[in-house]
Structures are given as structure tokens and as C-alpha cells.
Amino acid sequence: MHVLVTGGAGFIGSHTVVALLERGHQVTIVDDFENSSPRVIDRIEQVTGIRPGFVEIDLLDEPGFRAAFGSIAPDAVTHFAGLKAVGESVADPLRYYAHNLGTTFSLLNAMKAHDTKALVFSSSATVYGHEQQPPYVEDAAALTATSPYGMSKVMLERILTDVADAEPGWHIALLRYFNPVGAHESGLIGEAPLGAPDNLAPYIVQVALGRRPHVRVFGDDYPTKDGTGERDYIHVVDLAAGHVAALEKLADVTGARAWNLGTGRGTSVTQLLAAFEAATGRAIPAVVAPRRSGDVPRSWADTTRAEAELGWSPTRGVAEMARDAWRWQQQNPNGYAADDCVS
Ligand code: UFG
């Protein structure tokens, strides 16, 4: 099938494009490269031997995007484009709501206009808020979130569900990601955060490289296995495979349906640090800092629904995540900033 991938030059998007191409699908990426690089397209071609189509456009340019959508004429869409930094969203909520909702409205209007009604949407475990205890089950409680970023995902899940309920013919997968880590095994594509990383794994990598003095451990007095926060880290290649599985099942989905994409296992900050120390062979200094506002102590997925209905389950653990993230970083010390891959 021909799949339009918004945000296809981003971290999860690029790995999904590789997985789609490897499964024989045709791909057209739509990206404005605001938070990514056109070099990703070359790297995807290096990995797969296939150059995906791409159109550089901002989804908020609604007439332009609708025209581009008409020329691409995809069978389905995977929608990754969006702003995703939790702290930034607290500081500038208007920008986050306007962007994440506006881009999705533009996409939905284009899809409706061209009668393309198959969509895989990037949601997040953040929609479980502080209400549930892990493992998080898809329909166990009403959704909520602690940040404007998270609330934009809660709102969009609702909007997509309403759209699908109102009109027959929509097939929408709401994929709730846990914590993606790692990189493609080739070391050619990976995570390339701009500035200081917000997330733990990319921060650890920068400390291992000697770019930052130490990791700050946000709280060691949580009610968890060792006092530090527990998360469900999932290898980005497994996460990408989850998208392909959802896309290939979409025809069986009536309306909108949510799936958790996680491993079902909690790993503490201390355990993730240990995995990176083993993978890098380097000591990674860490100091305990106060808890970060908005963090939940523990978060991991109930994976029953994804396994049963998508026939998908992740196969890689934190050792592989650390190994592959480190390989990517060593081969690309400046991310995509210069074409200096040393493989
Ligand atoms: N942490 C540290 N030091 C750091 C960064 C993080 O100790 O420098 C800790 C956090 O307190 C948490 C764990 O490492 O216990 C993971 O933190 P991340 O920032 O890597 O990930 P989060 O679980 O906070 O955030 C992720 C996604 C968000 C999403 C959120 C909620 O990045 O997009 O999950 O599901 F909103």
C-alpha cells in the first residue's frame, strides 16, 4: 500500500519508514524538517536501497498540504508530525495546542476531501496521567494528562474517535507509545535531539560521550524497586514494527481503537544507567537531584491487546537498546548535523 508518513524524518517516523519499505510498501514522507534533517532521507535510502518520496511542507499550510495530498494520493497515513517536549509545552501551551491540533485538523480535512480514511496516529502513554497504576490497560479509565503536550494527545484521541464515530469508513489506530530508545542496527538512523535532551536515554549517551558531566537522577525516593522512576523502554525498531502491524490490521478496525506499544516491563533509572555502562564500557556518573515535576513513579504497559489483536510483540531488551543507541551516537557524533557518518 502507498503510505503517507507525516513527520517521517523524525526519530520514530524514520524507523517506521524503513520498516514499511522493508515490508514492500510504498512511502511518501511529508515533513517540514523543523525538528529533523533532509539527510534522513538519504540515510533511509542507504539502509533500504529504496528512496522514499518526500514533500517538504508544513501541515499548517492547509491549502498547500491538501493539494500535495491529492497528488500523493495515499491509501493510508501514519501521523507522527507534532511537537513533543513536555517542559516546553508547559511553558508555551498555546503553541502546543495550536500546533498539535491544527496540524491534525489539516490532515483530517485533506483525508476527508480525498476519501482516504485509514490512519495510524502517534499517541502516548502520557494519556494515562496519574490515575492508573501500571500495567496500564487501554480502556480501564478515562484519559487525562499532566502537561499540555499530554493533553493535546488526550484531545486528539477524542477528536479522532468522534470523527470515526460520526462517519462510516474510517479506520483509525491510536498507538500509545511507552519510552522509545535505541536506533536502527545499521547505525545510520537514530535519535538526534536538538540542544540538551529532555529524555533519559539520549542524556545518558551524551554523558557517556563526555559532553555533559553527569546524569541527574530525578528522585531516588519513589515507591519503586530501587527508589528511582520506572519506565517501559521499548526499542524503536520494535515500535516501528508495531506501526506496520497496526497498518496492516487497519482494514479490520471499525472506527478508532487504541493499542499500547510497550514491552510490559518496568526498568528503573538505575537499571537503564547500568545497561548503558555495560554497552559503552564507560562509567556514567550520576547524581541524585530533586524529583521532576509531573513525573509518575512507575509506568509500563499491559501488552495483552497489542499481542492478541496486532500479532505483534517486541523482541529487544534494554541491552540491545543501549547497544544500538551507542552505535548510532558513535557513528554520528553530531547526529545529522553534518554528513560525517564514520561507519
Ligand atoms: N530522568 C532522569 N534524569 C533525566 C531525564 C529523565 O532521572 O535527565 C528520569 C525521569 O524522572 C523518569 C525517567 O527518567 O523517571 C524517564 O524520563 P524521560 O524524560 O526519558 O521519559 P518520560 O517517561 O518522562 O517521558 C516520556 C516521553 C513523553 C511522554 C511521557 C509520558 O518522552 O513524550 O513519557 O508517557 F509524555
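In each ligand, atom 1 is the first atom listed, and ligand 1 is the first ligand listed.
A donor-acceptor contact shorter than 3.5 Å is absent between the side chain of D220 and the backbone of V288.
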- Given Y336 and D42, is the side chain to side chain donor-acceptor pair (under 3.5 Å) satisfied, shown in steps? CA-CA 11 Å; Y336 298 106; D42 302 331; over 6 Å; no

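Every residue two or more places apart in sequence or in another chain was checked for a side chain to side chain donor-acceptor pair (under 3.5 Å) with S89, and none qualifies.
E248 and H25 share a donor-acceptor pair across their side chains, judged by distance under 3.5 Å alone.
Applying the salt bridge (charged side-chain N to carboxylate O under 4.0 Å, His left out) test to residues at least two apart or on different chains, the pairs with a partner in residues 185-201 are E185-R323.
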Short N or O separations between ligand 1 and the protein, below 3.5 Å:
from: ligand 1; atom 1: 3 (N); to: R216; atom 2: O; distance (Å): 2.6
from: ligand 1; atom 1: 7 (O); to: R216; atom 2: O; distance (Å): 3.3
from: ligand 1; atom 1: 7 (O); to: F218; atom 2: N; distance (Å): 2.9
from: ligand 1; atom 1: 11 (O); to: D295; atom 2: OD2; distance (Å): 2.6
from: ligand 1; atom 1: 17 (O); to: R292; atom 2: NH2; distance (Å): 3.4
from: ligand 1; atom 1: 19 (O); to: N199; atom 2: ND2; distance (Å): 3.1
from: ligand 1; atom 1: 19 (O); to: R292; atom 2: NH1; distance (Å): 3.3
from: ligand 1; atom 1: 19 (O); to: R292; atom 2: NH2; distance (Å): 2.8
from: ligand 1; atom 1: 20 (O); to: N199; atom 2: ND2; distance (Å): 3.4
from: ligand 1; atom 1: 20 (O); to: L200; atom 2: N; distance (Å): 2.8
from: ligand 1; atom 1: 21 (O); to: N179; atom 2: ND2; distance (Å): 3.1
from: ligand 1; atom 1: 23 (O); to: N179; atom 2: ND2; distance (Å): 2.9
from: ligand 1; atom 1: 23 (O); to: R231; atom 2: NE; distance (Å): 2.6
from: ligand 1; atom 1: 24 (O); to: R292; atom 2: NH2; distance (Å): 2.8
from: ligand 1; atom 1: 32 (O); to: N199; atom 2: ND2; distance (Å): 2.8
from: ligand 1; atom 1: 35 (O); to: T126; atom 2: N; distance (Å): 3.0

Can I get a per-line list of side-chain donor-acceptor pairs under 3.5 Å for residues 73-88, giving both atom names and the distance, sequence neighbours left out?
from: D75; atom 1: OD2; to: H2; atom 2: N; distance (Å): 2.7
from: H79; atom 1: ND1; to: T6; atom 2: OG1; distance (Å): 2.7
from: H79; atom 1: NE2; to: T104; atom 2: OG1; distance (Å): 3.0
from: E88; atom 1: OE1; to: Y96; atom 2: OH; distance (Å): 2.6

